[in-house]
Visitor: 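Here it is, the structure, as structure tokens.
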There are 2 protein chains.
Amino acid sequence: MKNTTDLKKLSIILGLSQTTVSRALNGFPEVSEKTRIRAQLAAKKYNYLPNSRAKRLASGRTMTIAHIMTTSKEHELVNPIFSDFISGASRRYNESNYDLLLSTVNDEDEHETYRDLAARSAVDGVVLHAPKINDNRITMLNELQLPYVVHGRSSGVKESYNWVDVNNESAFFRATEFLIDLGHKSIGLINGVADMDFAIRRASGYRRALSENIINIDEAKIFNGEMTEPYGYKSTFKLFEMENPPSAILSSSRIIAMGIRRALEEKNLKIGQDISILTFDDDLSYFREDGEIPLFTSTKSSVREAGYKTANLLIESIKNPTQETQGILLEAELTIGLSTKRFRPIS
Amino acid sequence: MKNTTDLKKLSIILGLSQTTVSRALNGFPEVSEKTRIRAQLAAKKYNYLPNSRAKRLASGRTMTIAHIMTTSKEHELVNPIFSDFISGASRRYNESNYDLLLSTVNDEDEHETYRDLAARSAVDGVVLHAPKINDNRITMLNELQLPYVVHGRSSGVKESYNWVDVNNESAFFRATEFLIDLGHKSIGLINGVADMDFAIRRASGYRRALSENIINIDEAKIFNGEMTEPYGYKSTFKLFEMENPPSAILSSSRIIAMGIRRALEEKNLKIGQDISILTFDDDLSYFREDGEIPLFTSTKSSVREAGYKTANLLIESIKNPTQETQGILLEAELTIGLSTKRFRPIS
DNA sequence: TGAATAATTCAAAGCGCTTTGAATGTTTTA
DNA sequence: TAAAACATTCAAAGCGCTTTGAATTATTCA
């Protein structure tokens with residue numbers, strides 16, 4: 001048997017009832033200060049922490065939040081922003097002693113996973129990741145009465161819900177305008193999967209900027225796909241197989257931008273010189289370069305920060321279940337790097 | 001109140017005792033087949049799943065495994081392989097209905113986190129990540145009597161423990177020999193942080209290959225640091241500031257290799273032509289390119305696979321606590337890409 | 001057919017906490 | 001100084017399951 005102290009032992013040691021010891025340690029006011037200190041000292045001395053299984057059953061709360069990470073079955077692709085997001089969220093959970101339950105499922109099993117968590121009452125809340133347009137998981141979560149926050153939004157969903165999102169439309173609008181101001185008229189867009197809400201909003205910002213500047217939208221220059229390095233690479237090649245290749249490319253992620261760079265290198269095109277690149281940047285920790293002029297001009301928003309704020313909103317809404325749903329919109333920063341220059345026709 | 005069915009309700013509906021219903025659903029043999037089917041049907045019909053809080057308390061097991069992700073305080077760096085590893089481990093947990101508890105802590109708080117998990121008896125087991133040389137977390141986990149598996153090994157630790165690791169020494173030995181066979185005699189090594197066990201083993205394989213081929217080891221060409229893209233970039237620049245820059249570079253990760261590529265591009269050096277690059281590759285999903293000749297020659301080992309096997313070993317050792325500890329050594333594949341060519345002096 | 005055996009089912013205890021409602025001890029008030 | 005008011009502590013119930021040990025029912029054997 002393991003050498004653990006339980007409440008019973010501790011209360012015997014102290015010559016107090018379990019009730020009093022429990023209250024002393026949980027900060028209830030009706031315990032005398034003398035007793036409280038005595039209890040706290042003994043708890044430390046005997047390395048007592050309440051058994052979380054028992055605590056959860058007795059208190060009716062699990063102090064656990066679930067994050068559900070989906071991997072598409074074919075690609076087994078893991079979203080690379082996930083670990084940074086989680087790391088931000090964790091920071092918030094640690095502050096309030098929540099545990100984080102991470103569940104990885106195939107797309108098609110995701111609904112069942114939510115149902116399952118609710119039926120087992122295994123968690124106090126859920127973070128919904130990577131919402132699509134008209135995402136019916138939101139309706140489901142409303143039915144399940146499980147508190148949740150969406151990381152992102154879902155166009156087309158009429159119900160209200162808690163969300164934290166980057167202003168994707170505005171980020172890509174500004175990015176596109178920035179390129180237009182530099183004289184670019186032919187701008188490619190290498191975006192995420194078509195039914196992802198963020199991808200739709202980004203495309204929409206891009207389109208709006210072109211329209212407002214009376215530039216024709218060439219649908220062939222818009223790519224949708226899973227945001228891998230090879231995808232960026234291949235899409236760039238396709239762009240340059242066209243009769244009139246773009247003079248600038250917008251990318252939806254740093255990983256894509258890596259692929260773009262590899263393709264351009266092979267094509268002997270200099271980034272910034274021959275072609276401008278502007279990428280969205282989630283500010284992932286292992287790409288972060290400090291103190292220097294960054295290679296890529298980008299619209300940047302820390303996904304770790306988003307994780308923290310998402311966790312915070314969820315904890316708030318668990319604490320206060322009746323409160324109005326709210327949305328938090330983060331603005332991306334336009335950061336000028338070396339990858340964008342005034343348009344010059346390739347000689 | 002939420003519309004959940006509990007065991008009591010279900011047993012009343014069925015006109016059976018809670019005991020019988022519980023046993024029927026948990027597959028005990030002393031329940032008649034007729035009763036079992038009736039119970040299963042009713043459970044489905046009324047959407048019954050046992051409350052996990054209660055189940056855990058009653059059964060004494062949490063059916064939860066903890067993974068502790070550390071972020072260095074200064075850099076707030078998240079290990080990019082983490083999400084792929086987790087995704088592999090999750091697949092195994094799903095098979096046996098384990099939950100995955102993810103905890104993110106600063107390096108210095110990690111010990112306390114383990115103690116905490118043990119004292120609260122919050123998990124049935126732990127996966128230890130990123131072991132260093134002489135890692136004292138192993139001793140601690142042995143004391144805590146908490147089942148665990150190390151992802152990696154720890155040189156210098158004499159106690160026995162369960163581990164799953166890539167054969168880093170052999171991978172880098174082969175990689176180095178491969179470059180030597182191509183005629184390279186000056187080979188740089190851009191490695192991980194110096195006290196990480198994997199980095200030590202990799203450096204050791206590299207050294208052995210040079211020694212065996214009677215090539216002088218130039219310590220100035222060995223770099224240790226956190227494996228980010230900018231680190232790869234900067235280290236490459238340093239290599240080329242030397243009087244006698246290397247003709248080949250070994251890299252410890254794909255992310256580093258990205259940085260190397262960026263530096264070489266700026267230097268107008270062609271990968272494969274002017275300089276050979278060989279990188280370790282964790283086969284992260286978002287770098288995976290299928291069907292083509294890969295850019296990078298690499299020693300490759302899927303970290304997702306390692307995650308699956310680690311989880312499997314942990315589950316086995318929880319099931320059978322008395323069993324001998326075991327180590328699982330994965331061999332990396334040497335995959336030839338475009339980034340390595342026979343040595344030619346730069347003209 | 002009645003005892004012995006096997007197959008099912010059940011009532012109740014227990015997991016280790018929190019929380020309710022009652023009891024005791026202490027101080028204040030008149 | 002007794003009653004009222006307040007402060008502190010306690011015994012016991014309850015959270016929703018699993019599991020023990022006993023009870024009931026069905027089957028087999030002589």
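For clarity, every value in this text was computed on a predicted model and none was experimentally measured.
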Visitor: Which nucleotide sits closest to the side chain of A/Leu16: C/dC17, D/dT9, C/dA11?
Guide: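 The answer is D/dT9.
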Visitor: Given that B/Thr35 and B/Ser59 both sit by DNA chain C, which one's nearest nucleotide is further toward the 5' end?
Guide: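 On the 5' side of the pair lies B/Thr35.
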Visitor: Among residues 19-33 of chain B, which ones have heavy-atom contacts with DNA chain D below 4.0 Å?
Guide: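 Hits under 4.0 Å, by residue number: B/Thr19, B/Ser22, B/Arg23, B/Asn26, B/Phe28.
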Visitor: Near DNA chain D, under 4.0 Å by heavy atom, which residues of residues 48-58 of chain A?
Guide: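 Hits under 4.0 Å, by residue number: A/Leu57, A/Ala58.
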Visitor: Once you round it to whole Å, what is the distance between P of C/dC10 and CG of B/Leu14?
Guide: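 Between P of C/dC10 and CG of B/Leu14: 10 Å.
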Visitor: Under a 4.5 Å cut-off applied to non-hydrogen side-chain atoms, are B/Thr104 and A/Tyr93 in contact?
Guide: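 Side chain of B/Thr104 against side chain of A/Tyr93, heavy atoms only: no contact under 4.5 Å found.
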Visitor: Is B/Arg153 salt-bridged to B/Asp135, going by a charged N under 4.0 Å from an acidic O?
Guide: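 Looking at B/Arg153 and B/Asp135, the cut-off is not met.
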Visitor: Do B/Leu49 and A/Asp116 make a side-chain contact, defined as non-hydrogen atoms from C-beta onward lying under 4.5 Å apart?
Guide: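 Result yes, sub-4.5 Å side-chain heavy-atom pair found.
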Visitor: Taking atom P of D/dC17 as reference, at what distance in whole Å does atom CZ of B/Arg61 sit?
Guide: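 In whole Å, D/dC17 P lies 16 Å from B/Arg61 CZ.
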Visitor: Going by heavy atoms in the side chains, are B/Thr64 and B/Tyr98 under 4.5 Å from each other?
Guide: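 No - every pair of side-chain heavy atoms lies 4.5 Å or more apart.
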Visitor: Find the bend of the helix from C/dT1-D/dA30 to C/dA30-D/dT1 as the angle between its two terminal axes (five pairs each), to the nearest 10°.
Guide: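 Comparing the axis at each end, I get an angle of 50°.
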Visitor: Quick check: are there more than 12 heavy atoms from other residues, nucleotides or ligands sitting under 6.0 Å from CD of A/Glu112?
Guide: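 At most 12 heavy atoms, drawn from other residues, nucleotides or ligands, come within 6.0 Å of this atom.
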